[in-house]
Chemist: 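If you scroll down you'll find the structure; I have some questions about it.
Here the structure is a predicted model, which means the values were calculated and not measured.
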Amino acid sequence: YDYYDTAYAGRGFSSKGTSRSSIFNTLETYLGRMAGVNGQGCMRRAVCEVAAVPDHTDGVVGDAMNMILKIHPEEYAQHPEYANAQQVGQTTKDCAQFHEDCPQSFFSVEDTLEYI
């Protein structure tokens with residue numbers, strides 16, 4: 001019995017039924033319906049911001065956002081709009097071009113929740 005393999009089975013993006021695409025689609029839909037914002041625009045902004053500041057001070061929530069929102073090279077073709085946002089963040093450290101589609105940063109919302 002291999003405890004490590006059993007305990008962590010199903011927790012990665014390669015698990016059956018779980019993919020970055022399905023997570024992104026769910027987040028886009030949630031943001032659009034619940035927050036009344038452009039879901040895809042806010043996801044692009046978040047991907048850019050994660051790439052612009054990979055060494056954050058946002059604790060476990062920031063670590064989770066980095067894990068979920070970082071696009072890996074093998075996924076660029078599947079998520080070109082997010083790969084572009086990530087490249088903007090990495091190279092310019094300026095995500096202002098995404099503010100029009102999404103005026104609120106995930107990170108400012110996370111900062112607010114920290115004090116509730």
Side-chain angles (χ1 to χ4, degrees):
Y1 180 77
D2 187 345
Y3 175 78
Y4 182 82
D5 286 340
T6 304
Y8 294 100
R11 293 188 182 210
F13 284 121
S14 62
S15 304
K16 281 186 176 178
T18 303
S19 69
R20 191 172 310 278
S21 291
S22 66
I23 290 170
F24 280 6
N25 289 337
T26 298
L27 289 171
E28 289 171 5
T29 301
Y30 174 79
L31 289 168
R33 288 184 184 162
M34 301 301 287
V37 297
N38 176 335
Q40 190 176 55
C42 285
M43 290 294 294
R44 283 192 304 266
R45 178 175 176 168
V47 166
C48 180
E49 290 174 344
V50 162
V53 187
D55 299 324
H56 59 83
T57 59
D58 297 316
V60 174
V61 172
D63 290 343
M65 289 181 72
N66 279 355
M67 183 185 75
I68 293 168
L69 298 177
K70 183 177 180 192
I71 309 299
H72 299 282
E74 63 272 11
E75 300 170 313
Y76 288 173
Q78 190 176 9
H79 304 287
E81 69 280 12
Y82 297 123
N84 177 59
Q86 180 171 289
Q87 186 168 2
V88 168
Q90 288 172 336
T91 58
T92 70
K93 308 293 187 218
D94 180 6
C95 301
Q97 73 184 61
F98 302 104
H99 293 188
E100 185 177 336
D101 288 339
C102 184
Q104 183 71 40
S105 170
F106 277 10
F107 296 100
S108 63
V109 171
E110 190 265 329
D111 289 344
T112 302
L113 293 175
E114 183 177 317
Y115 296 104
I116 296 178

Chemist: Nearest 0.5 Å, please: how far is CG in N84 from CD1 in I71?
Modeler: 11.5 Å
Chemist: Would you indicate whether the side-chain heavy atoms of Q86 and Y76 approach each other to under 4.5 Å?
Modeler: yes
Chemist: Crowded around E74 CD? As in, over 12 foreign heavy atoms under 6.0 Å?
Modeler: yes
Chemist: So do the side chains of R20 and H72 get within less than 4.5 Å of each other, counting heavy atoms only?
Modeler: yes
Chemist: Tell me, yes or no, whether the heavy-atom count around Q87 atom CD, taken from other residues, nucleotides or ligands under 6.0 Å, exceeds 12.
Modeler: no
Chemist: Any non-hydrogen side-chain atom of Q104 less than 4.5 Å from a side-chain atom of C42?
Modeler: no
Chemist: For residues V53 and V50: do they belong to one hydrophobic cluster (side chain heavy atoms under 4.5 Å, members Ile, Leu, Val, Met, Phe, Trp, Tyr)?
Modeler: no
Chemist: Any donor and acceptor pair, going by atom type alone, linking the side chain of N25 with main-chain N or O of S21 inside 3.5 Å?
Modeler: yes
Chemist: Looking at D101 and Q40, would you say the former's side chain and the latter's main chain have a donor-acceptor pair under 3.5 Å?
Modeler: no
Chemist: Less than 4.5 Å apart, any side-chain heavy atom of F98 and any of M43?
Modeler: no
Chemist: When you group the ILVMFWY residues by side-chain heavy-atom contacts below 4.5 Å and let the links chain together, are L27 and V47 in the same group?
Modeler: yes
Chemist: Taking all heavy atoms of S105 and all of E49, pick out the closest pair and write down the distance.
Modeler: OG-OE1, 2.7 Å
Chemist: Quick one: CD on E75 to CZ on F24, what's the gap to the nearest 0.5 Å?
Modeler: 7.5 Å
Chemist: Do you know the tightest heavy-atom contact between A52 and C95?
Modeler: CB-SG, 4.2 Å
Chemist: Does L31 belong to the same Ile/Leu/Val/Met/Phe/Trp/Tyr cluster as I23, with side-chain heavy atoms less than 4.5 Å apart forming each link?
Modeler: yes
Chemist: So do the side chains of R44 and V88 get within less than 4.5 Å of each other, counting heavy atoms only?
Modeler: no
